[in-house]
A.B. asks: 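Below are the structure tokens for one structure; questions will follow.
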Amino acid sequence: MSYKSEYLQTLERRGYIHQLTDAAAIDARALKPGLTAYVGFDLTGPSLHIGHLMSIMMLRRLQQHGGKPIALMGGGTTKVGDPSGKDTQRQMLDQATIDANKASIKRVFERFLTFGDGPSDAIMADNAEWLEQLNYIDFLRDYGRHFSVNRMLTMDSVRLRLERDQPLSFIEFNYMVLQSYDFVELNRRYACVMQMGGSDQWGNITQGIDLGRRVSGAELYGLTTPLITNADGSKMGKTAGGAVWLNREQLPDWDYWQYWRNVDDRDVGKFLRLFTDMPDDEIARLESLQGADINDAKIALANAATTLCRGADAAAAAEATARATFAEGGAGEALPSFAISDPTPLIDALVLTGLAASKGEARRKIGENAVRIDGEPATDPTQPITAPAKLSLGKKRHALLTAG
RNA sequence: GGAGGGGUGGCCGAGCGGUCAAUGGCAGCAGACUGUAAAUCUGCCGGGUUUUCCCUACGUUGGUUCAAAUCCAACCCCCUCCA
């Protein structure tokens with residue numbers, strides 16, 4: 001399919017498009033300025049992670065092409081819980097946690113989007129604003145009647161749960177109803193005509209489009225992004241420590257940079273297209289590098305992605321530290337640092353720095369010749385360490401001990 | 001409410017009175033090889049420790065036994081069918 005709008009051309013070329021509800025209509029609308037679209041985000045944690053980055057980049061691309069992005073905080077829907085792609089109901093969160101999560105999550109958007117009152121400035125909304133006002137009976141009469149349970153039962157989010165004999169509570173069953181209503185409400189308030197999201201959101205999105213047509217005759221659109229996997233087939237964004245968080249409080253800049261620096265060779269081009277603003281020809285050049293030269297492309301990826309999410313200073317510091325640590329065998333200041341006041345036995349230092357989860361593990365790693373102090377292999381678990389020193393576990397994980 | 005099935009380590013899934021900290025797979029960590037990649041091979045993979053010792057753990061709480069994840073009772077939760 002060839003698009004007329006620069007917006008869809010870019011999305012297509014960069015690999016963001018999985019499904020469109022009405023490609024021609026969206027294309028036509030994108031030719032005019034002010035296309036308004038939204039993505040919803042649950043507030044289930046204190047930070048979004050790399051798995052959300054696709055959606056965030058979708059909003060960014062929209063803004064880059066003159067559209068108006070809306071980042072919808074799911075202050076209301078988080079209390080209900082989206083069953084899509086899950087086997088079991090999530091733990092219910094209390095209001096204080098949801099509020100704290102929202103405050104924390106909001107911050108990351110300011111790095112990717114420009115907020116304000118201008119025609120293509122981004123808006124942040126929270127569906128708690130309208131969902132918590134709803135009157136149950138009125139809502140059922142005005143909106144509930146437009147939902148076919150027959151059809152809802154065929155949606156993947158519901159059907160898969162039932163087929164696997166996993167429980168699905170009524171509250172979760174209502175999630176798509178509320179999400180559909182969100183779309184209608186955003187259309188009313190902000191003339192939002194498109195909802196975007198991951199491919200697992202297709203059902204929820206099309207339900208919202210139907211609801212909009214029925215209750216207000218609005219013509220709404222949907223666009224989903226493909227599920228991004230690593231070249232080895234695994235789901236993107238999981239590492240040893242868990243999710244790759246976007247917030248600095250949840251994941252230090254150094255680790256964020258390292259995540260991108262260590263992606264599979266085969267993923268470099270794809271990730272550059274999706275998660276950076278780098279021009280196509282530059283990506284093509286980096287992508288054509290062979291063998292060890294691909295490391296240059298990975299550094300470029302890590303710098304660009306980290307600059308977007310954490311700022312140019314963070315990227316530069318991480319790169320400098322990487323060079324000092326890996327290329328020169330020394331240590332850079334962005335490495336995780338821990339203060340010790342007295343000589344500390346090696347195993348305790350390993351636990352303190354988080355390089356080992358327990359003393360037993362620390363002992364085992366020493367036995368496996370995985371531990372080094374200032375680059376020298378260590379074999380005695382009781383050896384006292386005096387700051388300053390660099391502790392290393394394996395080739396990649398390092399920590400600094402400083403006098404304190 | 002009735003009948004049946006089930007709840008085991010991050011996940012899946014064996015075990016069904018001692019030899020069980022619990023087979024196997026996945027995930028993870030480390031070593032070798034490399035390029036801070038992939039693939040492959042090897043080791044590790046609850047905690048503590050002076051390492052053939054102690055603690056914690058097989059839904060919860062009690063009980064039987066020299067000894068229980070394994071047997072019994074009650075309770076909680078999940079699934080299926082019936083009402």
Side-chain angles (χ1 to χ4, degrees), chain A residues 83 85-92 160-170 172 229-244 252 254-272 286-303 305-306 315 318-332 334-336 345-348 350-351 353-373 375 377-382 390-399:
Chain A
K86 298 182 194 65
D87 266 358
T88 51
Q89 187 172 347
R90 260 194 307 240
Q91 186 86 41
M92 288 289 177
L160 295 174
R161 200 65 96 69
L162 297 179
E163 280 176 359
R164 303 169 102 181
D165 288 341
Q166 298 290 346
L168 176 73
S169 70
F170 185 65
E172 293 176 282
T229 53
N230 296 314
D232 64 9
S234 61
K235 206 168 174 178
M236 186 200 172
K238 292 289 181 193
T239 62
V244 181
W254 164 250
D255 294 288
Y256 191 79
W257 193 90
Q258 280 292 313
Y259 173 79
W260 296 106
R261 171 63 183 83
N262 281 303
V263 300
D264 192 298
D265 285 5
R266 296 164 287 180
D267 287 326
V268 175
K270 177 167 72 176
F271 289 175
L272 281 167
L286 290 170
E287 212 174 5
S288 68
L289 295 173
Q290 295 296 315
D293 289 340
I294 291 175
N295 286 325
D296 293 339
K298 292 187 187 181
I299 291 168
L301 170 64
N303 282 336
T306 304
E319 187 189 2
T321 292
R323 195 181 316 109
T325 307
F326 292 102
E328 295 156 21
L335 291 178
L346 177 56
I347 47 171
D348 293 331
L350 287 168
V351 174
T353 54
L355 293 176
S358 66
K359 292 184 182 181
E361 183 179 318
R363 248 178 265 275
R364 283 195 296 272
K365 291 306 172 200
I366 293 167
E368 289 170 5
N369 289 320
V371 176
R372 276 165 296 131
I373 303 164
T379 53
D380 179 7
T382 62
K390 182 181 74 163
L391 263 186
S392 305
L393 178 75
K395 288 175 215 148
K396 288 191 213 168
R397 299 166 64 197
H398 308 277

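Excluded from the calculations below are hydrogen atoms, water molecules and symmetry mates; all remaining heavy atoms, backbone and side chain alike, are included. Just so it is clear: chains get the letters A, B, ... in the order the sequence lines come, proteins before strands, and each one is counted from 1.
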A.B. asks: Could you give the distance separating B/G9 and B/G63 at their P atoms, to the nearest angstrom?
C.D. replies: 25 Å
A.B. asks: Let me know the distance between CG of A/L301 and P of B/G35, rounded to the nearest Å.
C.D. replies: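 Between P of B/G35 and CG of A/L301: 21 Å.
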A.B. asks: Which value, in whole Å, describes the distance between the C1' atoms of nucleotides B/C29 and B/A74?
C.D. replies: 43 Å
A.B. asks: So, does the side chain of A/K365 form a donor-acceptor pair with the base of B/C44 at under 3.5 Å?
C.D. replies: no
A.B. asks: Check this one for me: any side-chain N or O of A/K298 less than 4.0 Å away from OP1 or OP2 of B/A38?
C.D. replies: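 Checking B/A38 against A/K298, no side-chain N or O comes under 4.0 Å of OP1 or OP2.
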A.B. asks: Got a second to check how far A/L346's CG is from A/R363's CZ, nearest 0.5 Å?
C.D. replies: 10.0 Å
A.B. asks: Mind checking the P distance from B/G28 to B/C77? Whole angstroms is fine.
C.D. replies: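 Rounded to whole Å, the distance is 36 Å.
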A.B. asks: Among B/A39, B/U36, B/G48, which is the nearest nucleotide to the side chain of A/S358?
C.D. replies: B/G48
A.B. asks: Using purine N1 to pyrimidine N3 plus N6-O4 or O6-N4 for Watson-Crick, or N1-O2 and O6-N3 for G-U wobble, each under 3.5 Å, what pairs with B/C75?
C.D. replies: B/G59
A.B. asks: On a heavy-atom basis, which atom in A/W257 and which in A/A322 lie closest, and how many Å separate them?
C.D. replies: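 So the two residues come closest at CZ3-CB, 3.5 Å.
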A.B. asks: With sugar-phosphate meaning primed atoms plus P, OP1 and OP2, does A/V263 contact a base, only sugar-phosphate, or nothing at under 4.0 Å between heavy atoms?
C.D. replies: sugar-phosphate
A.B. asks: What is the distance from CD of A/Q290 to C1' of B/A38, rounded to the nearest Å?
C.D. replies: 14 Å
A.B. asks: Going by purine N1 to pyrimidine N3 plus the second Watson-Crick contact, or the G-U wobble pair, all under 3.5 Å, which nucleotide sits opposite B/G1?
C.D. replies: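 Here B/G1 is engaged in a pair, and the nucleotide opposite it is B/C82.
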A.B. asks: When we call it a touch if two heavy atoms are under 4.0 Å apart, what does A/R261 touch: a base, just sugar-phosphate, or nothing?
C.D. replies: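 Touches a base.
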A.B. asks: Is there a Watson-Crick or G-U wobble partner for B/A27 with both distances under 3.5 Å, and if so, which one is it?
C.D. replies: none
A.B. asks: Return the pairing partner of B/U36 with a 3.5 Å limit on both distances, Watson-Crick or G-U wobble; otherwise return none.
C.D. replies: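 By the stated definition (distances under 3.5 Å), nothing pairs with B/U36.
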A.B. asks: For a quick test of reading the model, state the closest non-hydrogen atom pair linking A/D267 to A/T229 and the distance between them.
C.D. replies: OD1-O, 4.2 Å
A.B. asks: Starting at NZ of A/K390, measure out to OG1 of A/T353 and round the result to the nearest 0.5 Å.
C.D. replies: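 Answer for the NZ-OG1 pair, A/K390 versus A/T353, is 13.0 Å.
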A.B. asks: For the base of B/G35, is there a side-chain donor-acceptor partner from A/D265 under 3.5 Å away?
C.D. replies: yes
A.B. asks: Want to settle it: does A/R397 or A/E319 sit nearer the 5' end of RNA chain B, counting the closest nucleotide to each?
C.D. replies: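 Comparing both residues, the 5'-ward one is A/R397.
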A.B. asks: When the C1' atoms of B/C72 and B/C78 are compared, how many Å lie between them, rounded to an integer?
C.D. replies: 23 Å
A.B. asks: Identify the heavy atoms of A/A362 and A/L350 that sit nearest to each other, and give their distance.
C.D. replies: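 Looking at all heavy atoms of both residues, the shortest contact is CB-CD1, 3.7 Å.
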A.B. asks: Can you tell me how far P in B/G15 sits from the matching atom in B/U23, rounded to whole Å?
C.D. replies: 13 Å
A.B. asks: Contact class for A/K359 (heavy atom, under 4.0 Å): base, sugar-phosphate, or nothing?
C.D. replies: sugar-phosphate
A.B. asks: Between B/A30 atom C1' and A/L391 atom CG, what is the distance in whole Å?
C.D. replies: 16 Å
A.B. asks: I want to verify a distance call: between B/G35, B/C45, B/A30, whose nearest atom is closest to the A/R364 side chain?
C.D. replies: B/C45
A.B. asks: Would you mind reading off the distance between A/I347 atom CD1 and B/U51 atom C1', rounded to a whole angstrom?
C.D. replies: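 Answer to the nearest Å: 13 Å.
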A.B. asks: May I have the distance from A/I366 (atom CD1) to B/C44 (atom P), rounded to whole angstrom?
C.D. replies: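 Interatomic distance, CD1 of A/I366 to P of B/C44: 17 Å.
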A.B. asks: Quick one: label A/R363 by what it contacts on the DNA or RNA (base, sugar-phosphate, nothing), any heavy atom closer than 4.0 Å.
C.D. replies: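 Counting heavy atoms under 4.0 Å across all strands, the contact made by A/R363 includes a base.
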A.B. asks: Rounding to the closest angstrom, what is the interatomic distance between B/A68 and B/U61 at atom P?
C.D. replies: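 Approximately 15 Å lies between the P atom of B/A68 and that of B/U61.
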A.B. asks: Looking across every strand, which nucleic acid part, if any, lies under 4.0 Å from A/G291 by heavy atom: base, sugar-phosphate, or nothing?
C.D. replies: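 Base: the residue A/G291, judged by heavy atoms under 4.0 Å, touches a nucleobase.
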A.B. asks: Just compare B/A37, B/C44, B/G35 and give me whichever is closest to any side-chain atom of A/D264.
C.D. replies: B/A37
A.B. asks: Determine the interatomic distance between P on B/G43 and the same-named atom on B/U50; round to the nearest Å.
C.D. replies: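 Comparing P positions in B/G43 and B/U50 gives a spacing of 27 Å.
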A.B. asks: Between C1' on B/A37 and CG on A/L289, what's the gap in Å once rounded to a whole number?
C.D. replies: 14 Å
A.B. asks: Which heavy atom of A/A300 sits nearest to which heavy atom of A/L286, and what is that distance?
C.D. replies: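 In this case the closest contact between A/A300 and A/L286 is CB-CD1, 3.7 Å.
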A.B. asks: Rounded to whole angstroms, how far apart are CG on A/L286 and P on B/A37?
C.D. replies: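 A/L286 atom CG is separated from B/A37 atom P by 19 Å.
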A.B. asks: Nearest heavy-atom pair of A/G332 and A/T325: which atoms, and what distance?
C.D. replies: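 Taking A/G332 first and A/T325 second, the nearest heavy atoms are N-OG1, 3.4 Å.
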A.B. asks: Indicate the atoms forming the closest heavy-atom contact of A/I366 with A/T379, along with that distance.
C.D. replies: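 That closest heavy-atom pairing would be CG2-O, 3.5 Å.
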A.B. asks: Please measure how far the C1' atom in B/G18 lies from the corresponding atom in B/U70, and state the result in whole Å.
C.D. replies: 11 Å
A.B. asks: Identify whether any heavy atom of A/W260 sits under 4.0 Å from a base atom; if not, whether one sits that close to sugar-phosphate; answer base, sugar-phosphate or nothing.
C.D. replies: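 Touches nothing.
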A.B. asks: Out of B/U36, B/G35, B/A38, which has the shortest distance to the side chain of A/A322?
C.D. replies: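 Closest of the options to the side chain of A/A322: B/U36.
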A.B. asks: Round to a whole Å and report the spacing from CD of A/E361 to C1' of B/G48.
C.D. replies: 14 Å
